[in-house]
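Only a predicted model underlies this, so the values are computations on that prediction, with no experimental measurement involved.
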Amino acid sequence: MAELMYWQGILRAHDEEMARDPLVFAMGEDIGVAGGTYKATSGLFAKYGEQRVIDTPISENSYTGIGVGAAMVGARPIVEIMSVNFAWLAMDQLMNNAAKIHYMSGGRIRCPFVMRVPGGTAHQLGAQHSARMEKVFMGISGLRVVTPATPRDAYGLLKSAVRSDDPVVIIEHESMYNLKGEVPDEEFFTPLEGVEIMRPGKDVSIFAYNISVHWALDAAKKLASEYGIDAEVIDLRALKPLDRAGIAASVRKTHHAIIVEEDEAPVGVGSEVMAIINEECFFDLDAAPVRVHALDIPIPYNHRLEKAAIPNAGDVIAAVRKMFGR
């Protein structure tokens, strides 16, 4: 296996899919000549040219619409939105066209459209560049929503998304582009459905996604070494559809559940996971499920306040200890 950075996994997937299929193209702000804000498309402009790596104007609704239209007639576009906050400007195209055309056409038109969006709380980017919009995309019927927590999945999920005939939103994280991890040398595909057990355990299930997977793994190490609590860490990974069977299987084994997310709690991913646990595993629980989440405020610009607004591994440890009375 090669050790790649998160952005390099994305770049490799772009390159392989564009080399394989001339109908795959990329478009977005500064993805061409500049190689992308996070380097995830660097070198592709020189290799594939301006007709397949397209620098767009600052007009998310227009170029998203172009991508959706191209997908409807057989192309396979990968559209990058520079920051997930700006995806609000493209919601009409995403919600009313990409997500619905297959159903509105009676199954005659597919929309193999991929939107990549970096989001989350980075370092002092302020409230308008720190959105967590997973729950928004999850609320749109007709979309698939996935979020890679590792360079391996950054590669594998993009490969699978490009090959899918459904519209897929891939939510990356601005703080993870330089994260290193092993990626197999051979081509592979990460499924667009299902959870992954990142760390097996028997005492408590910690459900996380995106950057919160790493908080959960850090917490699990300390819980085991200092408190004798064996935590199972589950990467939700595919947020729409959520893997009900995978979530339930872990809870039935451990009888305890913690849900960790960087987003605010109301109407969030954690709410959906908790609903699944209560619907599927109510009589398997030895304690009420607990959510660890951000404060319900716009993310502050001040760095100390920014850090205070979002959870961390320490908050996960505290929640588990409280659950077990330790």
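With a 6.0 Å radius and a threshold of 12 heavy atoms from other residues, nucleotides or ligands, Glu3 has its CD atom above the threshold.
Ionic pairing of Arg144 and Glu193 is present here: one or more N-O contacts between side-chain nitrogen and carboxylate oxygen are shorter than 4.0 angstrom. A salt bridge links Arg244 with Glu279; the closest basic N to acidic carboxylate O contact falls under 4.0 Å. Between Glu16 and Arg12, at least one side-chain N (NZ, or NE/NH1/NH2) sits under 4.0 Å from a carboxylate O, which counts as a salt bridge.
For the salt bridge (charged side-chain N to carboxylate O under 4.0 Å, His left out) condition, the pairs that include at least one residue of residues 198-224, sequence neighbours left out, are Arg199-Asp230. Residue pairs meeting the ring-ring contact (aromatic ring centres under 6.0 Å, His included) criterion with at least one partner in residues 166-199, sequence neighbours excluded, are Tyr6-Tyr177, Tyr38-Tyr177, Tyr155-Phe188. Sorted by first then second residue, the ring-ring contact (aromatic ring centres under 6.0 Å, His included) pairs that include residues 242-299, not counting sequence neighbours, are His256-Phe324. Applying the ring-ring contact (aromatic ring centres under 6.0 Å, His included) definition to pairs two or more places apart or across chains, those involving residues 105-137 are Phe86-His129, His123-His303. Identified under the salt bridge (charged side-chain N to carboxylate O under 4.0 Å, His left out) test for residues 44-66, with sequence neighbours left out: Asp15-Lys47. Note on residues 57-81: no pairs pass ring-ring contact (aromatic ring centres under 6.0 Å, His included), not counting sequence neighbours.
The hydrophobic cluster containing Ile310, built from Ile/Leu/Val/Met/Phe/Trp/Tyr side-chain heavy atoms closer than 4.5 Å, also comprises Ile299.
Looking at Ser105 and Arg110, their side chains never bring a donor and an acceptor atom within 3.5 Å of each other. Using modelled atom types, one finds a donor on one side chain and an acceptor on the other under 3.5 Å when comparing Thr121 with Glu262. With hydrogens and angles left out, the side-chain atoms of Glu232 and Thr254 include no donor and acceptor closer than 3.5 Å.
Considering only residues two or more places apart in sequence or on other chains, Glu182 meets the side chain to side chain contact (heavy atoms under 4.5 Å, CB included) condition with Met1. For Glu272, the side chain to side chain contact (heavy atoms under 4.5 Å, CB included) criterion is met by Met138, Leu242, not counting sequence neighbours. Contacts of Lys135 classified as side chain to side chain contact (heavy atoms under 4.5 Å, CB included), with partners at least two apart in sequence or in another chain: Asp263, Glu264. The side chain to side chain contact (heavy atoms under 4.5 Å, CB included) search around Ile101 returns Met72, Ile109, Cys111, not counting sequence neighbours. For Asp30, the salt bridge (Lys or Arg N to Asp or Glu O under 4.0 Å) test picks out no residue, with sequence neighbours left out.
Two residues are said to be in side-chain contact when any heavy atoms from C-beta on lie closer than 4.5 Å; Ile171 and Tyr209 fail this criterion.
The main-chain N or O of Ser160 is never found under 3.5 Å from a side-chain atom of Ser164 such that the two would form a donor-acceptor pair.
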